[in-house]
Number of protein chains: 2
Amino acid sequence: MISPGLIIEGDDKSVAEKAQSILEISSSLFFENDYNSVGIRAIAHAAGVRGASIYHYFSSKEEILFLIVKEVTSDFIDSSPLVYDEESDFRKVLRMLVSKHIFYFWEHRIALAIGYREMHNLTLEHKKIVQGYRLEYQHSVQRFVSDGVVAGAFQCKDPNLTGVALLDLINGVNDWFRPNGRLSIEQIADQYCDLSQQMLGAQNANDK
Amino acid sequence: MISPGLIIEGDDKSVAEKAQSILEISSSLFFENDYNSVGIRAIAHAAGVRGASIYHYFSSKEEILFLIVKEVTSDFIDSSPLVYDEESDFRKVLRMLVSKHIFYFWEHRIALAIGYREMHNLTLEHKKIVQGYRLEYQHSVQRFVSDGVVAGAFQCKDPNLTGVALLDLINGVNDWFRPNGRLSIEQIADQYCDLSQQMLGAQNANDK
DNA sequence: GTCTATAGGGGGATAGAC
DNA sequence: GTCTATCCCCCTATAGAC
């Protein structure tokens, strides 16, 4: 007997796809304008439906914002595990960390910009979840710097502060980088790797 | 003969004061929420008047936003002239630059955060004015780094890129600094001076 | 799943009295 | 300089038909 479940499965999939496409449409609109100046009607119009239909996929406009921000934030952590041990070449791991960060951030600049800019439009609970992801990543970077100091690869007075300084440095790229500029994102990432090494007191590495 | 002008002068002054206080009230509200979710009526209520009265002082809500952002941006440039010559100690000038930047940015964090976050709510013309100020400052920092390299004080592959990297680094502080944290803003500024020196390849200075 | 219609509440800005 | 009243528009979200 063919269960209705099997038939519905096809529908479920296109529901999920449609939901995903609404999230992408919303991202573009939120990025170009504001969360608060993009109405449900504008999202619906861009998606080719009426306002009420949006609520078939999402329970509220805030949920749309949350899903955009949560996805890009948790995906980053999942895709960038910072694995190393005391045998690792900390200078190489640093370069990996910096490059991956800059590439991911540029690739997902739209959702990430929304995440930072529209933080206070999330409910308290949702905000805590996103901040939790960010702190988790920050702590792993700080731990890495600290471990690198212990291993003798870096020289820092205050590894925890240097960790956030490193993040400050590489987070800034999206604010000014433009693809048609003098340098490519790869060239910038490479230079920022060098700058990071110097900042962490690892400038005398004999290998990159 | 007592001109009406003299009498009006007193009134003008309190008009200017009231306008200024409306700008400060608006800053707080825009900072805590969004430009687009703070209504004229909310601003007026916080200022102790009705919505229509706001239009006695400003021609539009956008003008309020522009004045907040323009003031804090142009004041920064005016208050932080980057003066040096080939005789200067570039390491010391760098420390001055970094400290002043961090202190000013923290002191004026509310208006500055609004400036970066609400940029796209400005009219095109107003946006250009603000971006002009920012670029002016960025170029002066890049020129400084470049001059420091020529003078032999810094070692950078790409002074223009290193200039924006320096700004990325010190711009980040406001995003995470909290006054009740482990370090004071003075301690952080001091450490960021050290980190900047290392990043610019000036770490071997015998004086700070 | 999508629609129309609507509830219930704001928004920015202006006119014109006082 | 401040007010009330108002214009016309948009908002999020829901009810209920199809």
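Predicted model, so just to flag it, every value in this text is computed and none were measured. Lettering follows sequence order; numbering is per chain, from 1. Computation of the quantities below employed the complete heavy-atom set of this structure, encompassing side-chain atoms and omitting hydrogens, waters and symmetry-equivalent molecules.
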Polar side-chain atom of A:S21 near backbone of A:K18 as donor-acceptor pair, under 3.5 Å: yes
Keeping B:E62 on the side-chain end and B:L122 on the backbone end, is there a donor-acceptor pair under 3.5 Å? no
I would like to know whether A:R95 and A:K92 meet side-chain contact (heavy atoms from CB on, under 4.5 Å); could you show each step before the answer? CA-CA 5 Å; A:R95 292 188 82 88; A:K92 276 188 186 161; 5.7 Å; no
Can you see whether A:Y116 has A:R134 sitting over its ring - NZ or CZ less than 6.0 Å from the centre and within 45° of the normal?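 Cation-pi check for A:R134 and A:Y116: passes.
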Using the six-membered ring of B:Y133, assess whether NZ or CZ of B:K70 lies under 6.0 Å from its centre and within 45 degrees of the ring axis.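 Negative - B:K70 is either too far from the ring of B:Y133 or too far off its axis.
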Roughly how far, to the nearest 0.5 Å, is CD1 of A:I188 from CZ of A:R182? 8.0 Å
Strictly below 4.0 Å, heavy-atom distances to any atom of DNA chain D: list the hits from residues 22-30 of chain A, or just say none. none
Whole-Å gap separating [atom2] ([N]) and [atom1] ([X]):
| X | N | atom1 | atom2 | result |
| --- | --- | --- | --- | --- |
| A:D34 | C:dG11 | CG | C1' | 14 Å |
| B:H45 | D:dT4 | NE2 | P | 13 Å |
| A:I54 | D:dA13 | CD1 | P | 12 Å |
| B:I43 | D:dT2 | CD1 | C1' | 17 Å |
| A:H56 | D:dA15 | NE2 | C1' | 16 Å |
| B:F58 | D:dT2 | CZ | P | 12 Å |
| A:N33 | D:dC10 | CG | C1' | 14 Å |

Fit a plane to each ring of A:F144 and A:F90, take the angle between them on a 0 to 90° scale, and name the class: parallel (under 30°), tilted (30 to 60°) or perpendicular (over 60°).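 Correct class here is parallel.
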Do any side-chain nitrogens or oxygens of A:S53 fall under 4.0 Å of OP1 or OP2 in C:dG1?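 No.
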At under 4.0 Å between heavy atoms, how does the protein contact nucleotides 12-18 of chain C? Give one character per nucleotide, 5' to 3', with B, S or -. BBBB---
Taking atom types as modelled, is there a side-chain donor on B:H101 or B:Y192 under 3.5 Å from an acceptor on the other?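 No, B:Y192 and B:H101 have no side-chain donor paired with an acceptor closer than 3.5 Å.
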Tell me whether A:D190 is salt-bridged to B:K157, with the criterion being a basic N under 4.0 Å from an acidic carboxylate O.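 A salt bridge is absent here (no side-chain N lies under 4.0 Å from a carboxylate O).
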